[in-house]
2 protein chains.
Amino acid sequence: MSASSIRARVRAEMIDEIKAVARRHLATDGANLSLRAVARDMGMVSSAIYRYFPSRDELLTALIIEAYDALGSAVEAADADRDRADLRGRWHAVCRAARGWGLAHPAEYALLYGSPVPGYAAPDATIGPAQRPPLTLIGILRDGFAAGRIEPPPATEPAGPLRADLAELAAQLGGGLPEALLARGMAGWTQLFGLISFELFGRINRALPHRDHYFDHQIALMADLIGLPRPA
Amino acid sequence: MSASSIRARVRAEMIDEIKAVARRHLATDGANLSLRAVARDMGMVSSAIYRYFPSRDELLTALIIEAYDALGSAVEAADADRDRADLRGRWHAVCRAARGWGLAHPAEYALLYGSPVPGYAAPDATIGPAQRPPLTLIGILRDGFAAGRIEPPPATEPAGPLRADLAELAAQLGGGLPEALLARGMAGWTQLFGLISFELFGRINRALPHRDHYFDHQIALMADLIGLPRPA
DNA sequence: GCCGCGTCAAGAGCAGTGCTCTCGATTTTG
DNA sequence: CAAAATCGAGAGCACTGCTCTTGACGCGGC
């Protein structure tokens with residue numbers, strides 16, 4: 001009973017096709033995609049969609065989770081392709097992979113990291129996949145710290161209640177990351193998100209035509225701030 | 001003829017009231033606000049709104065411009081309140097003002113910096129107000145550079161075509177900013193945007209309850225990277 | 001084999017949306 | 001004062017998400 005026979009399989013295929021068509025509409029309609037339009041494209045009637053997704057929000061949620069997983073996989077694959085000891089290479093590879101995925105799937109990126117839809121509350125199923133990119137970055141820091149190969153330049157140190165917060169967060173993440181290093185890693189993740197968002201949402205300065213170079217440089221700045229060893 | 005008499009004045013008042021009501025709806029409905037709902041709240045019929053705004057997008061544009069101006073004014077006021085020579089104080093004041101405005105007006109912030117509405121193309125009238133916050137930050141760098149009081153820590157230097165792009169952009173901005181400094185300033189602006197967005201859009205780590213401290217620290221990190229003189 | 005059960009697509013329908021047009025009423029203008 | 005411009009209301013169109021009902025189909029048990 002590898003397949004609960006025909007019905008279950010066509011159902012799975014239908015769900016996949018609905019998601020594929022919806023993903024296509026997402027590219028043009030953005031977050032406000034029309035169930036009816038999706039149904040029309042499939043030669044169905046709108047009410048038939050509800051056999052597979054209880055609401056439009058549920059369809060969006062499915063797309064969001066898939067997008068998070070796609071981004072996470074791309075990022076983790078880029079990381080895995082690099083020599084574990086090449087910390088800076090991994091940092092750049094991960095950041096470039098995230099940017100590349102965003103440029104290739106702008107609508108899905110906007111769905112993930114754009115303004116939240118007012119009535120829509122992200123289900124718990126999304127928080128896991130959503131953390132894969134930042135956790136990949138943190139993993140690089142963890143490896144570097146464990147190897148004693150991170151040389152952070154002098155800068156403001158976290159203090160007071162923030163230090164305690166960071167310590168607790170570091171404990172949850174494991175690896176014994178110092179508070180200051182964790183904060184700088186989060187700055188790197190924030191910078192990465194900001195860079196991609198600015199570029200995708202059209203607020204990057206048009207006076208910078210060489211966006212690849214700009215991105216690489218800004219990412220390198222954050223790697224410097226973190227203290228990833230610079231290439232010889 | 002200070003007033004083209006009654007009609008012109010009530011028209012202006014109507015426009016203001018429509019924007020005020022729409023702003024209120026924005027807080028709950030987000031970007032997809034309903035013209036009809038706004039009209040209902042004003043005891044009018046939806047078609048009457050079209051006497052004042054030719055379309056929903058035009059209403060949104062008006063709100064966007066007002067929001068940009070409000071944010072820009074808040075940011076510039078925070079900058080002006082500080083001693084011109086207190087570069088780091090100005091940096092923090094500007095960043096805090098931006099964050100404060102965003103926290104106070106999350107829906108409007110999302111309208112400005114969230115994912116762009118698919119069919120909506122930002123009119124030219126928005127690009128001027130939109131640049132006020134980053135230009136304020138750049139102004140701090142300009143003042144600091146002119147006074148020779150910026151001591152950037154060693155880090156990756158922009159090179160190749162990026163350096164030329166940055167030089168051209170710096171020339172447009174005036175003040176003779178070095179390429180590397182401009183790039184770091186843009187990193188600061190990117191970080192600021194990312195910090196506020198993460199916090200507003202709910203992706204800040206719940207393990208960091210002291211968000212004010214976190215924000216201040218991350219902003220200080222960027223000030224360090226830029227080379228703003230540290231307090232004694 | 002066949003029959004009841006569960007699943008499915010289709011259609012009608014409801015409330016809501018942006019937007020257009022027309023029609024009287026009011027105000028401004030010549 | 002009359003002509004012209006402006007205004008609010010209402011009807012209407014095409015669209016949306018979603019619900020409910022109806023009839024057709026595949027499924028597992030007898």
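Reminder, nothing fancy here: chain letters follow the sequence lines and each chain counts from 1. In what follows, every heavy atom counts, from backbone to side chain, and hydrogens, waters and symmetry copies are set aside.
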Check the pair A/Y113 / B/S197 against side chain to side chain donor-acceptor pair (under 3.5 Å), numbers first and verdict last. CA-CA 9 Å; A/Y113 294 105; B/S197 296; over 6 Å; no
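Atom CG in B/D29 sits roughly 15 Å away from atom C1' in C/dG18 (whole-Å rounding). In this entry the distance linking CZ of A/R9 with C1' of C/dT7 reads 17 Å, nearest Å. If you take CZ of A/R36 and P of C/dG13, they are 13 Å apart, rounded to a whole angstrom. Distance A/M14 CE to D/dC25 P: 16 Å, rounded to the nearest Å. In this entry the distance linking CE of A/M44 with P of C/dG11 reads 12 Å, nearest Å. Rounded to an integer number of Å, the gap from A/R51 CZ to D/dC20 P is 12 Å. Atom CZ in B/R40 sits roughly 17 Å away from atom C1' in D/dG8 (whole-Å rounding). Nucleotide C/dC19 holds its P atom 13 Å from the CG atom of B/N32, rounded to whole Å.
Positionally, the nearest nucleotide of DNA chain C for A/G43 lies more toward the 5' end than for the other of A/G43 and B/P54.
The closest donor-acceptor contact from the side chain of B/R184 to the backbone of B/L225 lies under 3.5 Å.
Side-chain contact between B/F201 and B/P106 is absent, with no heavy atoms from C-beta onward closer than 4.5 Å. In this structure the side chain of B/R96 never reaches within 4.5 angstrom of the side chain of B/D212, judged on heavy atoms. The closest side-chain heavy-atom distance from A/L166 to A/L177 is not below 4.5 Å.
Nucleic acid contact for A/S46: base, since at least one base atom lies under 4.0 Å from a heavy atom of the residue. Backbone-only engagement by B/L33 is indicated by non-hydrogen atom pairs under 4.0 Å involving sugar-phosphate atoms exclusively.
Note on A/S34: every side-chain N or O is 4.0 Å or more away from OP1 and OP2 of D/dC15. In terms of phosphate contacts, A/Y52 brings no side-chain nitrogen or oxygen within less than 4.0 Å of OP1 or OP2 of C/dT7.
Contact of A/S47 with C/dG11 (side chain to base): a donor-acceptor pair of N or O atoms is detected under 3.5 Å. Below the 3.5 angstrom threshold, one finds a donor paired with an acceptor across the side chain of B/R7 and the base of C/dT26.
Of the candidates D/dC18, D/dT21, D/dC7, D/dC7 carries the atom nearest the B/R11 side chain, counting heavy atoms from C-beta on.
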